[in-house]
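I am attaching a structure below and will ask some questions about it afterwards.
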Amino acid sequence: MRVSRRVSNLALLVVVVLVLLSGLASWLVVAPAQRWVVAGHGAAGLAVLGLIRFKAPVVRSGLRRSRGSRWASVVLAVLTVLALASGVLHSTGLAVWAPGGQRTMWWHVATGLALVPLLAWHTLARRQRPRRDDLDRRIVLRVGGLGVLAAAGWLALEGAVRAGGLPGARRRPTGSYLQALPQPTIWLADRVPAGTDAPGWTVSVRDDDGPRTLALADLAALPRTEVRAVIDCTSGWASEQDWSGVALDDLVRGADGGRSVVVRSATGYSRRFAPDELDGLLLATAMAGEPLRRRLGAPVRLVAPGRRGFWWVKWVVAVEVEDAPSWWQPPLPLQ
Ligand SMILES: Nc1nc2c(c(=O)[nH]1)N[C@H]1C(S)=C(S)[C@@H](COP(=O)(O)O)O[C@H]1N2
Ligand SMILES: [Mo]
């Protein structure tokens with residue numbers, strides 16, 4: 001059956017949107033039971049690869065027309081290819097590091113996000129009205145078939161990775177690779193603050209006991225909690241460590257009552273938690289029996305077992321009970 005250009009364009013758009021959404025959703029994955037999100041992202045990525053064949057004639061005739069916006073489309077195509085290639089290279093483990101010193105997964109995220117505005121423009125500028133008969137039975141069957149093929153392709157690729165003993169076989173359910181030490185990681189554009197080694201570092205706490213300022217010695221005098229937990233960054237690495245410090249439950253009073261607790265960094269980076277999520281959170285001052293290192297959050301960082309790395313606020317200077325609900329924050333940090 002010939003697939004019309006309009007239909008292949010639409011199919012590609014739908015699948016690319018699925019890829020982007022599942023990619024973002026995979027940043028929430030922490031447990032083995034959620035690994036299908038990452039798997040679905042991979043399969044949807046393979047479906048995009050499969051659809052390129054149908055898109056190729058569209059691209060070719062588009063390139064023949066000398067529209068000024070042609071170059072934006074070329075950039076979109078290049079970003080798509082880079083995002084697909086970096087995804088395959090990371091998940092198979094064929095190249096976990098990219099030239100230039102960044103992780104391949106970093107490029108995967110960067111190219112994936114960069115193509116969003118271009119894709120939005122492309123979809124609007126080359127808008128096509130869906131027609132009722134686009135959804136006829138044969139097309140629905142084809143789309144279903146594409147889903148089955150994508151799943152089969154994903155299984156075949158995973159099988160090959162395992163059979164070939166590639167590093168990708170050792171990925172965590174999140175898709176990250178375990179390594180001996182955490183890697184100093186900045187979410188977006190944050191900076192290591194000054195004074196991380198200053199003896200005068202303080203953590204201010206505001207809760208039902210009123211505002212108070214704790215010196216490092218005050219923190220050290222509180223009951224100590226030790227926890228073994230994996231920090232798993234969305235840039236593709238993870239590390240299991242023994243952390244020790246003060247449990248947030250031992251520090252903050254009266255967080256319940258529908259409010260929230262903000263953990264704030266010296267840099268302004270912060271994350272907000274619901275009162276019933278404090279259990280298990282730790283203000284850590286040591287890792288593997290050693291004081292934290294500067295770029296890894298010294299002298300005090302948050303340890304948030306069961307949450308991805310961006311929740312693990314480094315260089316903590318304040319813990320505050322607030323009236324705002326816990327969802328009152330950008331879903332992802334902005335710095
Ligand atoms: N203040 C601050 N805290 C932060 C970040 C940041 O950029 N600024 N990055 C987060 C991210 S994305 C991760 S994965 C972990 C990384 O911790 P590490 O640098 O100790 O490996 O810290 C988190 N805490
Ligand atoms: Mo991260």
Discussion item. Same cluster or not: V30 versus L281, using hydrophobic residues (I, L, V, M, F, W, Y) connected whenever any side-chain heavy atoms lie under 4.5 Å apart?
Written reply: no
Worksheet item: Side-chain donor-acceptor pair under 3.5 Å between R103 and Q183, yes or no?
Response: yes
Worksheet item: T234 versus T174: any side-chain heavy-atom pair under 4.5 Å?
Response: no
Worksheet entry | Near-ring test W312/W243, centroid separation under 6.0 angstrom | yes
Discussion item. Can you confirm whether F54 sits close enough to L12 that some side-chain heavy atom of one is under 4.5 Å from a side-chain heavy atom of the other?
Written reply: no
Discussion item. For the CH2 atom on W36, are there more than 12 heavy atoms of other groups (residues, nucleotides or ligands in this structure) within a distance under 6.0 Å?
Written reply: no
Discussion item. I'd like to know whether CG of D279 has more than 12 heavy-atom contacts from other residues, nucleotides or ligands below 6.0 angstrom.
Written reply: no
Item to complete: Please indicate whether R70 has more than 12 foreign heavy atoms, meaning atoms of other residues, nucleotides or ligands, lying under 6.0 Å from its CZ.
Response: yes
Worksheet item: Would you find more than 12 non-hydrogen atoms of other residues, nucleotides or ligands less than 6.0 Å from W121 atom CH2?
Response: yes
Worksheet item: What's the spacing between L251 CG and L214 CG if we round to 0.5 Å?
Response: 6.0 Å
Worksheet entry | Student check: side-chain heavy atoms of R295 and T185 closer than 4.5 Å | no
Worksheet item: Taking the six-membered ring for Trp, is the centroid-to-centroid distance between W187 and W27 below 6.0 Å?
Response: yes
Discussion item. For R293, I'd like to know if atom CZ has over 12 heavy atoms of other residues, nucleotides or ligands within 6.0 Å.
Written reply: no
Fill in: Close side-chain approach of R272 and E277, heavy atoms under 4.5 Å
no
Discussion item. Counting C-beta onward and ignoring hydrogens, is there a side-chain heavy-atom pair between Y177 and H90 closer than 4.5 Å?
Written reply: yes
Discussion item. Can you tell me if R224 has over 12 outside heavy atoms packed within less than 6.0 Å of its CZ?
Written reply: yes
Item to complete: Cation-pi check, R301 to W315: give yes when NZ or CZ is under 6.0 Å from the six-membered ring centre and within 45° of the ring axis, no otherwise.
Response: no
Worksheet item: Between F273 and W311, does the ring centroid distance fall short of 6.0 Å?
Response: yes
Worksheet item: W107: which other cluster members, linking ILVMFWY side chains closer than 4.5 Å, directly or transitively?
Response: W106
Item to complete: Give the cluster check for L79 versus V88: same hydrophobic cluster or not, with ILVMFWY residues linked at side-chain heavy-atom distances below 4.5 Å.
Response: no
Worksheet item: Can S239 and Q241 be counted as having a side-chain donor-acceptor contact under 3.5 angstrom?
Response: yes
Discussion item. I want to check something: taking the side chain as every heavy atom from C-beta on, are I52 and L84 in contact at a cut-off of under 4.5 Å?
Written reply: yes
Item to complete: Please test R294 against D197 for salt bridge (charged side-chain N to carboxylate O under 4.0 Å, His left out), starting from the C-alpha separation and ending with a verdict.
Response: CA-CA 7 Å; R294 184 171 139 76; D197 48 3; 5.7 Å; no
Worksheet entry | Any L332 side-chain heavy atom under 4.5 Å of L188 side chain | no
Worksheet entry | Close side-chain approach of R308 and C233, heavy atoms under 4.5 Å | no
Fill in: Side-chain ion pair, R259 and D208, N-O less than 4.0 Å
yes
